[in-house]
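Notes to accompany the following structure.
Model, not experiment: these values are computed from the prediction. Letters A, B, ... mirror the listed sequences (proteins, then strands); counts begin at 1.
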Amino acid sequence: MIERPRGTRDFLPAEMKRRRCVERKMRESVERWGYEEIKTPTFEHLDLFTLKSGEDIVDEIYSFEDKGRRKLALRPELTAPVIRFYVNELQNEPKPLRFYYFDDCFRYERPQKGRFREFWQFGIELIGGRRDLANFEMIALSVDILRNIGLGKFDLHVGDVSLLKKAVSSQRDDLDEEKERKIFRLMDKKDEEGLKTYLAEIGIDAENLSFLMSTLDPIEEAKRIFGDIDEIKQLSTLLDLLSAYEIYPKIDLSIARGLDYYTGIVFEIYAEEGLGAQRQICGGGEYDLIKLFGGREERSRGFAFGFDRIMEVLEIEKEEENMIMVISTDDCRREGIKVARKLRKKFKVELDVMGRSLKSQLSYANSSGIKKVVIVGRREVEKNFYTLKDMNNGEQISCGEEDLLEMIANL
RNA sequence: GCCGAGGUAGGGUAGUGGUUAUCCUGAGGGACUGUGGAUCCCUCGACCCGAGUUCAAGUCUCGGCCCCGGCCCCA
């Protein structure tokens, strides 16, 4: 027997209904803000991703060589492909550009709760725009989506990596990249003890950086240290605009995220429960990929939802299935087929393919949750009528050909 | 890659070295040739894979695979 590859999943019809329902709501949400769907290839040149994230990520990517010796990779995320697309052929479009995507991504990682080797991302990229207004739109939209899909409980954290970088690099002139990274990582993990120990080790006064981890009013504290610099104004304006949309994020200046390409505001959204160690359901921010990919400098920003993680925490009530079954026995199959065809103009209709008796077909309808059946048997065919049966209460009525559609709708 | 817990019909399970591997559910058929849900009967269907120990392995040992929780990483 052939097993499903590690970290992949099969989805049953019931689960696909849930997923499509949420997907539909997400699409509706972003389309109401003027976003349009785009699609990029499932695989790209490996370089696209190493350029963005460094050589190290090759370990976590599904990469391969094709028969023409090209080094390719299944996309591990969608921001880089979308920006590549933009740089390739959309740079002269009028700004802003509002794009959204919903697709599967692939990462070679150890699977655990909320983490798979094939997983789905729903995200947007907003290219162009003045920083404060565009950042407002990005974050407000992400919250709008969650509100629309009915996910009420989440934590929104907003930070600014440029402030973080500035604060850390101002501590020592000779701070190399590796040390900075380690500091960022400890901060991102909120490992205060580890951070203190490490800062002491490399001779930095932890007090100077403590405002980044502060939970009280980090903006005020940053202002005290840096003065009223542009980064702080941006954050304040953003908070003001968000409050107009009734969004009150938690400021967290220690968010480091991928860091390599984020350049300004960053944000993360966490589910409150149900995901174990993988609580993050959304991440995004401002980045500078366009120039890196050889385009004309243009600010852009975006976010992506971990669709599968959202599905883990979201509770959705089941939609009732509205299936009609046309039941006919072997001597009347032709008539049954004709009736089914007529009904399919307006309804979902099933026909028996098992060759079952009338009794067994009813039994099947019952156990499949089919609420309405039309019986087309010899008796009906000979006298030229149909029998409609309501499976909920067992009541039956007869009707002629001309009122079939109407009567079954009202059954 | 690391640490830990697991893997018995489609789903849920019993089974501490010894009959033909238990029970529930499910699925297919029938009792019942034009009327479902109840009942009864029949049928289908499993020890993750591979080595080893043993007279004998679902059970013990080792390796692999998969899965679950966590670490690392997280574009």
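Under the Watson-Crick or G-U wobble criterion, with both distances below 3.5 Å, B/C44 is paired with B/G26. Base-pair partner of B/G50: B/C62 (Watson-Crick or G-U wobble, both distances under 3.5 Å). Of all nucleotides present, only B/A31 satisfies the Watson-Crick or G-U wobble test against B/U39, with each distance under 3.5 Å.
Using the six-membered ring where Trp is involved, A/Tyr100 and A/Phe122 have ring planes that are parallel, under 30° apart on the 30 and 60° scheme. Ring-plane geometry between A/Tyr262 and A/Tyr287 is classed as perpendicular, the angle between the planes exceeding 60 degrees on a 0 to 90 degree scale with a lower cut at 30.
In this entry the distance linking CD1 of A/Ile61 with C1' of B/C73 reads 13 Å, nearest Å. Between A/Phe116 atom CZ and B/C68 atom C1' there is a gap of 11 Å when expressed in whole angstrom units. At whole-Å resolution of the value, CG in A/Asp188 and P in B/C71 are 14 Å apart. Rounded to an integer number of Å, the gap from A/Glu350 CD to B/G36 C1' is 15 Å. The CD1-P distance, from A/Ile255 to B/C74, rounds to 15 Å in whole Å. Atom-to-atom, CE of A/Met354 to P of B/G30 comes out at 10 Å; the value is rounded to the nearest Å. Spacing between atom CD of A/Gln112 and atom P of B/C2 amounts to 15 Å, rounded to whole angstrom units. Between the CG atom of A/Asn366 and the P atom of B/G37 there is a distance of 7 Å, rounded to whole Å.
Residue order along RNA chain B, read from the 5' end via each residue's closest nucleotide, puts A/Ser357 first among A/Ser357 and A/Asn393. Nucleotides of RNA chain B nearest to A/Val381 and A/Ser367 differ in position, and the one nearer the 5' end is that of A/Ser367.
Heavy-atom neighbours of A/Lys196 NZ from other residues, nucleotides or ligands within 6.0 Å: at or below the threshold of 12.
Taking only distance into account, the side chain of A/Glu60 never meets the base of B/G1 through a donor-acceptor pair shorter than 3.5 Å. The base of B/C73 sits within donor-acceptor range of the side chain of A/Arg115, with an N or O pair under 3.5 Å. For B/G28, the base has no donor-acceptor partner in the side chain of A/Arg356 [N/O atoms by modelled type, under 3.5 angstrom]. A donor and an acceptor atom never sit less than 3.5 Å apart when one is taken from the side chain of A/Lys359 and the other from the base of B/U33. Remark: the A/Lys113 side chain and the B/C68 base include no donor-acceptor N/O pair separated by less than 3.5 Å. Interface remark: the A/Gln361 side chain does not form any donor-acceptor pair with the B/U35 base, using a distance-only criterion of under 3.5 Å.
Residue contacts shown for A/Lys189 are limited to sugar-phosphate atoms, with no base heavy atom under 4.0 Å away. Among the heavy atoms of the strands, none lies under 4.0 Å from A/Arg4.
Seen from the ring of A/Tyr108, A/Arg117 counts as a face-on cation partner, given the 6.0 Å and 45° thresholds.
Nearest to the side chain of A/Gln396, among B/U35, B/A75, B/C68, sits B/U35. Set against B/G34, B/G1, B/U35, the side chain of A/Leu362 has B/U35 as its closest nucleotide.
Dashed line: the shortest gap from a side-chain N or O of A/Arg6 to OP1 or OP2 of B/C67 is under 4.0 Å. Within the 4.0 Å cut-off from OP1 or OP2 of B/U35, not a single side-chain nitrogen or oxygen of A/Arg379 is found.
No side-chain heavy atom of A/Asp308 sits under 4.5 Å from any side-chain heavy atom of A/Glu312. Between A/Thr263 and A/Val161, every side-chain heavy-atom pair lies at or beyond the 4.5 Å cut-off.
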